[in-house]
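Note that ligands are numbered from 1 as they come in the structure, with each ligand's atoms numbered from 1 the same way.
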Amino acid sequence: MSEGELVIPVPQEWASRAKMNAAAYEAAVQRVEADPEGYWTELAQRLDWIKFPTKIKDVSFNREDFHIRWYEDGILNVSVNCLDRHLAERGDQTAIIWESDDPHIHTFMTYRELHAEVCRMANVLKAKGVKKGDRVTIYLPMIPQAAVAMLACARIGAVHSVVFGGFSPDSLAGRIQDCDSKIVITADEGLRGGRVVPLKANVDEALKECPGVTDVIVVRRTKAEVNMVPGRDAYYGDLKQGVSDQCDPEPMNAEDPLFILYTSGSTGKPKGVLHTTGGYLVWASWTHEVVFDYRPGEVFWCTADIGWVTGHSYVVYGPLANAATTVIFEGVPNYPTNSRFWEVVDTHKVEIFYTAPTAIRALMRDGDEPVKKTSRKSIRLLGTVGEPINPEAWLWYYKVVGEERCPIVDTWWQTETGACLISPLPGCTPLKPGSATRPLPGVKCQLVDADGKVLDGATSGNLCLTDSWPGQMRTVYGDHERFISTYFTTYPGKYFTGDGARRDADGYYWITGRVDDVINVSGHRLGTAEIESALVGHEAVAEAAVVGFPHDIKGQGIYAFVTLKADVAPSDILQADLKGWVRREIGPFAAPEAVQFAAGLPKTRSGKIMRRILRKIAENDTSNLGDTSTLADPAVVDDLVQNRVG
Ligand code: 6R9
């Protein structure tokens with residue numbers, strides 16, 4: 001470790017007690033080199049298979065014979081691995097603690113109860129005609145039925161597509177159409193921070209564009225009166241009356257799809273990231289065990305919404321495969337007070353707590369007192385995910401929340417990677433605030449320059465993965481070519497993550513953020529193209545260019561440059577209207593922080609918008625705009641700089 005650098009050593013009791021200490025890590029790294037088949041076979045043994053795989057790994061990242069297959073002749077069912085196999089020993093253990101938005105209401109569901117509920121929902125879906133391979137869209141708030149719905153799909157081999165409840169009717173409609181689901185599972189309303197989310201009304205709006213949907217199953221959350229379309233809509237509570245709590249699990253091939261999850265990229269509409277059954281569950285459950293040093297029965301709380309991949313892998317699949325008690329939290333960190341997270345920790349004696357840097361930064365702003373007035377004695381490990389964490393926020397989390405007692409795992413991964421790839425292991429890795437540290441055993445990271453030249457040693461570059469891991473996405477739903485061209489052609493033969501990173505002299509990785517046109521707002525991924533396309537959908541807008549800029553709490557904020565149609569005059573009202581427009585078109589979290597009206601956008605002579613310049617203006621770093629000589633009309637830049645909105 002270099003001198004003067006802050007390094008937090010592995011506490012002694014962690015080194016001796018942890019699942020994976022330094023010796024085990026080294027052994028795993030060597031084993032996966034020397035005997036990959038043996039290593040990956042052993043990893044698969046953590047699951048219950050109907051037929052254990054004999055073909056372990058078959059991968060090529062080259063365009064000519066591109067394929068990714070893991071455990072391809074194995075047969076299993078994910079819901080059996082998350083439920084049935086725990087029943088004999090842990091049937092009466094709490095599987096799900098549900099903490100509602102209202103701090104006075106929480107419920108507990110045992111593994112036996114969860115199993116019965118999943119079987120009932122699976123039978124309801126079957127009665128609606130859902131079969132293996134069919135897509136089911138889930139648009140639910142953070143209630144136990146969200147996990148139940150996912151597992152019910154897995155039980156009968158249906159492919160779920162969970163859409164975050166914060167998405168607009170339009171975004172929901174696009175996701176339903178893309179995977180052609182005939183069924184939507186939703187709730188009357190959601191409740192977050194005391195505010196109502198009109199989920200069923202959003203579904204009604206979305207379905208105007210989705211004639212293929214035949215059935216809407218409505219879970220009652222607030223019991224509000226909602227519009228019910230006869231013949232299409234039914235309450236789950238009515239449908240499950242008299243339905244059996246037993247349902248034979250569908251035997252699934254390891255490479256059968258488990259779920260689709262839409263995520264934003266640099267171009268076009270969101271991609272349906274497809275994950276399969278065997279490799280995904282091996283990776284989600286193994287990383288959950290080693291990264292969080294998880295022991296069965298412990299209370300594990302990942303604060304992510306199940307509408308994001310973090311919720312899939314670390315609220316539902318990883319924890320339940322490992323017989324955890326997982327917390328499903330409906331609320332927000334600052335409601336009713338900014339002590340809420342820590343009060344929930346104390347109420348349920350949470351041992352492992354996993355959240356996003358944006359939440360940490362927001363709470364840090366409110367000072368130490370709201371944290372210090374709670375106990376937090378139960379916590380033994382902290383984690384973060386979703387965006388780079390600045391060392392200041394890391395240290396506050398470490399000192400104030402964890403009282404310098406709890407290691408922090410800063411886990412780097414993506415929707416595409418299924419689960420963690422770069423992360424400290426708490427019993428093994430000395431920590432450096434702000435670094436995701438080292439790749440997990442079996443994960444092959446590489447930094448390359450813009451031309452694809454491999455960079456060695458301490459350096460910065462674009463982060464690639466040169467080999468597969470079991471939890472890797474297998475395709476973009478319905479568009480395999482887009483999968484290959486998005487991820488494997490920038491640097492042929494390698495998976496390109498879209499992230500930039502620095503590697504230090506100790507081989508530690510420091511993720512610096514996206515190098516493509518993806519913006520990360522409070523850990524939510526958004527494509528600039530998506531926001532631009534929403535803006536140009538407004539009748540006043542001729543052209544739009546969107547960039548990210550550094551934001552103290554959200555990590556990045558959204559800055560939009562807009563040129564108006566010839567007959568439209570700029571005004572404050574229109575500015576506010578455009579922010580509201582994007583909110584409604586995509587979702588509240590996508591609303592631009594700033595909208596600047598521009599006479600023209602900086603373009604090259606071939607008509608490409610020079611975002612590099614727009615980024616500098618948005619960042620208010622206009623002293624050095626770099627080379628502007630290739631601009632078609634250099635004068636537009638002066639105008640943009642002068643009219644920057646603060
Ligand atoms: C899991 C998740 C993926 C993007 C990823 C990167 C950023 C995630 C991070 C991190 C720095 C970490 N990211 N974890 N950056 N340190 N620990 O967030 O998936 O929503 O697909 O976002 O998030 O930029 O490329 P997803």
Side-chain angles (χ1 to χ4, degrees), residues 162-164 166-167 259-266 270-275 280 283-284 287-288 291-292 302-315 317-318 354-361 382-391 393-394 397 408-424 429 431-440 443 445 462-465 471-473 476 486-487 495-503 508-527 530 548 554-556 587 589-590:
V162 181
V163 178
F164 173 53
F167 274 116
F259 66 83
I260 300 166
L261 184 57
Y262 287 86
T263 193
S264 298
S266 16
K271 294 182 283 279
V273 168
L274 185 120
H275 281 286
Y280 171 79
W283 198 247
T287 55
H288 175 256
V291 169
F292 298 102
C302 164
T303 67
D305 193 283
I306 51 122
W308 308 109
V309 74
T310 307
H312 281 57
S313 300
Y314 298 112
V315 176
Y317 289 119
Y354 188 34
T355 196
T358 188
I360 298 166
R361 286 191 298 263
L382 297 169
T384 82
V385 60
E387 43 172 329
I389 180 162
N390 46 315
W394 195 103
Y397 196 32
I408 296 178
V409 288
D410 173 358
T411 62
W412 174 86
W413 57 292
Q414 311 177 296
T415 307
E416 294 88 338
T417 73
C420 306
L421 292 193
I422 305 179
S423 172
T429 321
L431 305 172
K432 298 187 190 184
S435 172
T437 79
R438 295 184 297 182
L440 297 177
V443 174
C445 294
N462 293 339
L463 180 63
C464 293
L465 299 157
Q472 182 169 25
M473 75 182 279
V476 171
T486 305
Y487 300 102
Y495 170 85
F496 175 42
T497 62
D499 279 319
R502 177 169 73 83
R503 186 173 50 221
Y508 277 42
Y509 286 84
W510 302 70
I511 310 294
T512 45
R514 304 291 301 199
V515 295
D516 54 8
D517 291 320
V518 170
I519 308 182
N520 193 326
V521 183
S522 302
H524 302 330
R525 248 170 95 165
L526 285 157
E530 260 173 278
K554 300 178 176 179
Q556 281 189 298
F589 57 93

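- Protein heavy atom closest to atom 3 (C) of ligand 1, with residue, atom name and distance, is W413 O, 3.6 Å.
- Annotation for ligand 1: atoms under 4.0 Å from non-hydrogen atoms of V309 are 1 (C), 19 (O).
- Contact annotation: W308 has no heavy atom less than 4.0 Å from any atom of ligand 1.
- Each of the following atoms of ligand 1 lies closer than 4.0 Å to a heavy atom of I511: 11 (C), 15 (N).
- With respect to atom 5 (C) of ligand 1, the closest heavy atom belonging to the protein is D499 OD2, 3.1 Å.
- Remark: ligand 1 and T263 share no N or O pair separated by less than 3.5 Å (distance only, no angle test).
- Near V385, with a cut-off below 4.0 Å to any heavy atom, the atoms of ligand 1 are 1 (C).
- Between the choices P388, S435, G386, the shortest heavy-atom distance to atom 14 (N) of ligand 1 belongs to G386.
- With hydrogens left out, the protein atom closest to atom 16 (N) of ligand 1 is E387 O, 3.4 Å, a heavy atom.
- Of all atoms in ligand 1, listed by their number and element, those nearer than 4.0 Å to a heavy atom of T411 are 9 (C), 12 (C), 14 (N), 17 (N).
- Interface atoms of ligand 1 facing N520, defined by a heavy-atom separation under 4.0 Å, are 7 (C), 23 (O).
- Under 4.0 Å from ligand 1, not a single heavy atom of I389 appears.
- Counting heavy atoms closer than 4.0 Å to ligand 1, residue R525 contributes side-chain atoms (C-beta onward) but none from N, CA, C or O.
- Annotation: F292 is in aromatic contact with Y314 [ring centroid separation under 6.0 Å].
- Against a heavy-atom cut-off of under 4.0 Å, T310 is close to the following atoms of ligand 1: 1 (C).
- Within ligand 1, counting atoms from 1 as listed, the ones closer than 4.0 Å to a heavy atom of D410 are 12 (C), 16 (N), 17 (N).
- Closest to atom 21 (O) of ligand 1, if we only count protein heavy atoms, is T415 OG1, 2.5 Å.
- Inspection of the Y262 and T415 side chains reveals no N or O donor paired with an N or O acceptor under 3.5 Å.
- Contacts between A436 and ligand 1, counted as non-hydrogen atom pairs separated by less than 4.0 Å, are absent for every part of the residue.
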